[in-house]
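Inspection log for the structure reproduced underneath, given as structure tokens.
A note on names: the letters A, B, ... follow the listed sequences, proteins ahead of strands, and every chain is numbered from 1. It should be emphasised that the depicted structure is a prediction, and the values quoted were computed from it without experimental measurement.
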Protein chains: 2
Amino acid sequence: MIASYKSADREFKAGQDLFSLGEPCDSIYNLLEGWVILYNLLEDGRRQILHFALPGAVLGFHPGGGAMMTFGAQALTDIVVSTIPRKALPPIVKQQPEFGLRLAWLIARDCTLAYDRLTSIGRHSARERVAHLLLKLFVRYRAQWPGSHIEEMHLPLTQEDIGDATGLTFVHVNRVLRDLRKDRILEFHYRRLRILDPDKLVDVAGLDPQLVMSWIR
Amino acid sequence: MIASYKSADREFKAGQDLFSLGEPCDSIYNLLEGWVILYNLLEDGRRQILHFALPGAVLGFHPGGGAMMTFGAQALTDIVVSTIPRKALPPIVKQQPEFGLRLAWLIARDCTLAYDRLTSIGRHSARERVAHLLLKLFVRYRAQWPGSHIEEMHLPLTQEDIGDATGLTFVHVNRVLRDLRKDRILEFHYRRLRILDPDKLVDVAGLDPQLVMSWIR
DNA sequence: CGTCAGTTTGATCGTTGTCAATCAAAGTGG
DNA sequence: CCACTTTGATTGACAACGATCAAACTGACG
């Protein structure tokens, strides 16, 4: 487990940045507790959320040695991370060769998630995008407590966050959420998400029910 | 170098799939020559291009051990790849620990590119998206021949491909290309891209000129 | 010469963005 | 405990960007 290599634990308050655009970033982080977003800011203030990181994620590895980060990372909740200095990686890998492969695998998983979102934003309607995002977050969250059958969760997001993740405005996100509520598919009020009709949600999200079932195991 | 671990070279003709959605994919590929796209297909036939892979890229590593691929890979030109069986990875890594780290780094680079495209598709106008895509492809292509100063290249894409990569319809891509031509920024006709005004292009793409310069080195 | 893939243009429609106003909830300091 | 502020949610009117539909055109290739 990557956790066993931790050199120093650190805590961040909700809203704090782990690193920002243009910073060098000499450490990588292993998220132990809480939610983190990776995001990009445009000059005019608009924002694109790139990734929602949950416990177990590795953050800050991305760019090549010593280069600047091309995106920022912000704690969405209070979080706990363990840090590994970039320089410590080669010795760790030398001692524990599987570490490198595991790291590659974790990043590949993030990459696959990014490809998913790309498809969602590029080719789906607003309704599909919002449904897809919420469903995926719900499934990933629930995967942390295997066997649980709760269809309700605390999602530490505003409607603006959902918009920034799906490439929509918060105004339109609000309309989409109203419609999904009207259709009795899900409710999202004040950071509480409740799935009313999982099957319909999977359908609206444009996902294969069998595929979704395979994630839940 | 990853190339030194190749076990067997293989060639594909333009249009052939290296692997498709839902296949197991027991090998990873190192692209030696040519262009490859990673793409996703929707039920209704629409397509999202996720990534353009150039020589040096690693393909097919993405999903976890033995799982199905969630996207396909298609040769855009005739290509040459070297294949490495998935099972060969642990022994390779044991013998050459840096290999794992280098693999992780390559995938992290793909991930960063995906994040770029996410921002582009999620928050930019059609004009910006097309400009961004063409500029990035041009820069990545030229990075293969350092020192070159040609502002023209063979881009093996149709306008439909550009649309599928940027989340637009080919009709609208056509209109955007017409405008870019009218503004004497670039020309793209029958798979030939010519940059007329690099500075304006960087501007339209919404990128930092200094950042772009740093890529060219 | 005919066919086919890809490009080009026009007309029209609709989804989503923009602008603006109101409302609800939560926090703050007197 | 109550003004006051702030952040986030909600709704309506309107505009615009890009999609859709349809048709013609071009170049490549047999």
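- For the helix from dC1(C)-dG30(D) to dG30(C)-dC1(D), the angle separating the two terminal helix axes comes to 40°, with each axis derived from five pairs and the value rounded to 10°.
- Here Asn174(B) does not reach the OP1 or OP2 of dT7(C): none of its side-chain N or O atoms lies under 4.0 Å away.
- Residues Asp183(A) and Arg127(A) are paired through a salt bridge, judged by an N-O separation under 4.0 Å between the basic side chain and the carboxylate.
- We find that CG of Asp44(A) is positioned 14 Å from P of dG17(C), with the value rounded to whole Å.
- Between His124(B) atom NE2 and dC17(D) atom C1' the separation is 16 Å, expressed in whole Å.
- A sub-4.0 Å separation between OP1 or OP2 of dT10(D) and a side-chain N or O of His189(A) is present.
- Distance CZ (Phe188(A)) to C1' (dA25(C)): 15 Å, rounded to an integer number of Å.
- A donor-acceptor contact under 3.5 Å is not formed by the side chain of Arg181(B) with the base of dT7(C).
- Minimum atom distance to the side chain of Ala126(B) is reached by dG18(D), of the listed dG18(D), dG17(C), dT7(C).
- The number of heavy-atom neighbours closer than 6.0 Å to CZ of Arg181(A), taken from other residues, nucleotides and ligands shown, is above 12.
- One atom, CG of Asp179(A), and another, P of dT10(D), lie 12 Å apart when rounded to the nearest Å.
- Nucleic acid contact for Leu168(B): sugar-phosphate only, since backbone atoms but no base atoms lie under 4.0 Å from a heavy atom of the residue.
- Nearest-nucleotide assignment on DNA chain D puts the 5′-proximal partner with Leu157(A), out of Leu157(A) and Arg123(A).
- The pair Asp164(A)-Arg47(A) meets the salt-bridge criterion, since a charged nitrogen lies less than 4.0 angstrom from a carboxylate oxygen.
- Across all strands shown, Thr158(A) has heavy atoms under 4.0 Å from sugar-phosphate atoms exclusively, and none from any base.
- We find that CZ of Arg192(A) is positioned 15 Å from P of dA9(D), with the value rounded to whole Å.
- Salt bridge Arg194(B)/Glu151(B): absent, no basic N to carboxylate O contact under 4.0 Å.
- At the heavy-atom level, Gly167(B) lies under 4.0 Å from the strands shown only through sugar-phosphate atoms.
- Taking only side-chain nitrogens and oxygens, Thr169(B) comes nearer than 4.0 Å to OP1 or OP2 of dA19(D).
- Between the CZ atom of Phe170(B) and the P atom of dG18(D) there is a distance of 17 Å, given to the nearest Å.
- At the phosphate of dT8(C), OP1 or OP2 sits under 4.0 Å from a side-chain N or O atom of Gln159(B).
- The CZ-P distance, from Arg175(B) to dT12(C), rounds to 13 Å in whole Å.
- We find that Arg184(A) and Asp197(A) are not joined by a salt bridge, their nearest charged nitrogen and carboxylate oxygen being 4.0 Å or further apart.
- Backbone-only contact: Arg178(B) has heavy atoms under 4.0 Å from sugar-phosphate atoms and none from a base.
- In this entry the distance linking CG of Asp161(A) with C1' of dA9(D) reads 13 Å, nearest Å.
- Looking at Arg191(B), Arg142(B), Arg192(B) one by one, the single match for salt bridge (charged side-chain N to carboxylate O under 4.0 Å, His left out) with Glu152(B) turns out to be Arg192(B).
- In this structure the side chain of Leu168(B) reaches within 4.5 angstrom of the side chain of Val130(B), judged on heavy atoms.
- If you check every strand for non-hydrogen atoms under 4.0 Å, Arg191(B) touches sugar and phosphate atoms only.
- The nucleotide whose nearest atom lies closest to any side-chain atom of His172(A) is, among dT8(C), dT16(C), dA19(D), dT16(C).
- Nearest-nucleotide assignment on DNA chain C puts the 5′-proximal partner with Glu160(B), out of Tyr190(A) and Glu160(B).
- Using modelled atom types, one side-chain atom of Arg46(A) and one backbone atom of Arg123(B) make a donor-acceptor pair closer than 3.5 Å.
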